[in-house]
Amino acid sequence: MTDHSKRVDEATGTNLVGHEWDGIEELDTPLPRWWVYIFAATVVFAAGYVVAYPSFPDVAGGTGWSSRGQLDEALQAQTAARAPVATAIAATPIDQLVANPQLMRSAIEGGRAAFKVNCVQCHGSGAAGSKGYPNLNDDDWLWGGDITSIHTTLVHGIRSPGVDETRFSQMPSFADILSKGQISALVNHVRAISGQGKASAAGAQLFAENCASCHGPEGKGMREQGAPNLTDGIWLYGGDRASLTQTISKARYGVMPHWATRLDAATVKMLAAYVHSLGGGKANPTPAPADTAAAASGEKNVGS
């Protein structure tokens, strides 16, 4: 066997490695020295980097720097920069926030950011909601659309477990109270008062006996009860026959968490300001005279 490792290519003077294919042999050409030096430098640099900076989970680098630490510093700087405004918002009563345009604008922008983090999962990025989740852009509110009412809803939630002051209403399941024929007649009446069908005496009588105490004799809702307006064509769970039958038969029980223990007071006020600014929030109401208070309760109210 020929020892090709000792052979030298006559044309270049370079050793041959012994690999041959179809008469072509491979040269053992050495690496350029500049390339070797650079490679050695990168090895040294990598070793130093591993020692100086965090390169393994839960192992701090010698310099003490980390990307998480850098992020924390940036967040703390932003928090410190916003602290004066947040303090001012927290110290301002919610019903007086609208009277301070500059502070209100800051609250709206802060609420916009907080909404994207905490609320879009249910209400959507544009706050238009979906089936079972209220549209916050319209003016249909179960619990009130002024900024104070919105703030109260955010603080205490809706049917939020373990919160004594939470917004609470409970529609009974009429499947255990009425027959299928009566439920069908009631569905027809609800569709009729919302402009989707013809009224019937039987449905009107059933509505008066079972529903008017919460929704009002005309079905326009009651804010005190958290009962929706059934005449405006705006539906949280759908106004078609199947959806209404399901709602009347089995009832609904939507839940919104209370945010008072999840977010700081300033952020909750910012959220209230932002939701109020979307276009559906009513202006701060003026106190109603005693003789018109009953009429005021018949206005359009909140959905949840």
Considering residues, nucleotides and ligands other than E10, do more than 12 of their heavy atoms fall under 6.0 Å from its CD?
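Open: at most 12 neighbouring heavy atoms sit under 6.0 Å from CD of E10.
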Counting neighbours of CD on E165 that are heavy atoms of other residues, nucleotides or ligands and sit closer than 6.0 Å, is the number greater than 12?
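Count not over threshold, so no.
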Hey, any chance [X] and [Y] share a hydrophobic cluster, counting ILVMFWY side chains that come within less than 4.5 Å of each other, even indirectly?
X: L186; Y: L236; answer: no
X: I38; Y: V43; answer: yes
X: V120; Y: I150; answer: yes
X: W259; Y: V163; answer: no

Counting distance only, does the side-chain N/O of [X] pair as donor-acceptor with the main-chain N or O of [Y] below 3.5 Å?
X: S200; Y: G203; answer: yes
X: T12; Y: T14; answer: yes
X: S243; Y: D240; answer: no
X: E25; Y: W21; answer: no
X: K269; Y: T92; answer: yes
X: S160; Y: G157; answer: no
X: S194; Y: V190; answer: yes
X: R159; Y: T166; answer: no
X: T231; Y: I193; answer: no
X: S249; Y: A175; answer: no

Let's go through L16 and D28 carefully: what are the C-alpha distance in whole Å and the side-chain angles of both, what is the deciding distance for side chain to side chain contact (heavy atoms under 4.5 Å, CB included) to 0.1 Å, and is it a yes or a no?
CA-CA 5 Å; L16 297 169; D28 187 14; over 6 Å; no
Determine whether D232 and D140 satisfy the following criterion, side chain to side chain contact (heavy atoms under 4.5 Å, CB included), listing intermediate values before the conclusion.
CA-CA 9 Å; D232 57 9; D140 196 61; 2.5 Å; yes
Excluding sequence neighbours, so at least two apart, what forms salt bridge (charged side-chain N to carboxylate O under 4.0 Å, His left out) with E26?
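Listed in chain order: nothing, the list is empty.
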Straight-line distance of [X] [atom1] to [Y] [atom2], nearest 0.5 Å:
X: Q182; Y: F174; atom1: CD; atom2: CZ; answer: 10.5 Å
X: D138; Y: I234; atom1: CG; atom2: CD1; answer: 4.5 Å
X: T152; Y: I147; atom1: OG1; atom2: CD1; answer: 10.5 Å
X: H189; Y: N210; atom1: NE2; atom2: CG; answer: 11.0 Å
X: I94; Y: H276; atom1: CD1; atom2: NE2; answer: 9.5 Å
X: L206; Y: I177; atom1: CG; atom2: CD1; answer: 11.5 Å

Mind checking whether [X] and [Y] have side chains closer than 4.5 Å, heavy atoms only?
X: M104; Y: I108; value: yes
X: C214; Y: M222; value: no
X: C119; Y: L271; value: yes
X: M171; Y: T247; value: yes
X: V268; Y: H151; value: yes
X: L263; Y: N118; value: yes
X: N100; Y: Q102; value: yes
X: M256; Y: R167; value: no

Work out which heavy atom in [X] is nearest to a heavy atom in [Y]; give both atom names and the distance.
X: L244; Y: G239; answer: CD1-O, 3.3 Å
X: G144; Y: S149; answer: O-CB, 3.4 Å
X: P161; Y: V255; answer: CD-CG1, 4.3 Å
X: N229; Y: G219; answer: OD1-O, 3.3 Å
X: L230; Y: W235; answer: O-CH2, 3.8 Å
X: G13; Y: V8; answer: C-CG1, 3.4 Å

Over 60° means perpendicular and under 30° means parallel, so tell me whether [X] and [Y] are parallel, tilted or perpendicular.
X: F207; Y: H215; result: tilted
X: W65; Y: Y53; result: perpendicular
X: F39; Y: W35; result: parallel

Among K198, Q196, R241, which one satisfies side chain to side chain donor-acceptor pair (under 3.5 Å) with N188?
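Passing option: R241.
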Where do T261 and H258 land on the side chain to side chain donor-acceptor pair (under 3.5 Å) test, with the steps shown first?
CA-CA 7 Å; T261 58; H258 65 286; 3.1 Å; yes
Where do W143 and S169 land on the side chain to side chain contact (heavy atoms under 4.5 Å, CB included) test, with the steps shown first?
CA-CA 10 Å; W143 303 99; S169 63; 3.9 Å; yes
Worked check of side chain to side chain donor-acceptor pair (under 3.5 Å) between S106 and R82:
CA-CA 10 Å; S106 298; R82 294 195 299 264; over 6 Å; no
Summary of salt bridge (charged side-chain N to carboxylate O under 4.0 Å, His left out) pairs that have at least one residue in residues 102-114, sequence neighbours excluded
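Salt bridge (charged side-chain N to carboxylate O under 4.0 Å, His left out) check on residues 102-114 returns E109-R112.
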Can you list every pair that meets salt bridge (charged side-chain N to carboxylate O under 4.0 Å, His left out) and has a residue in residues 243-268, with sequence neighbours left out?
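Not a single pair qualifies under salt bridge (charged side-chain N to carboxylate O under 4.0 Å, His left out).
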Assess whether side chain to side chain contact (heavy atoms under 4.5 Å, CB included) is satisfied between N15 and L27, documenting all intermediate values.
CA-CA 6 Å; N15 290 336; L27 300 177; over 6 Å; no
Is it the case that the side chains of D176 and S173 hold a donor-acceptor pair, with the cut-off being a distance below 3.5 Å and no angle test?
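Their side chains do not contain a donor-acceptor pair, so the 3.5 Å distance test is not met.
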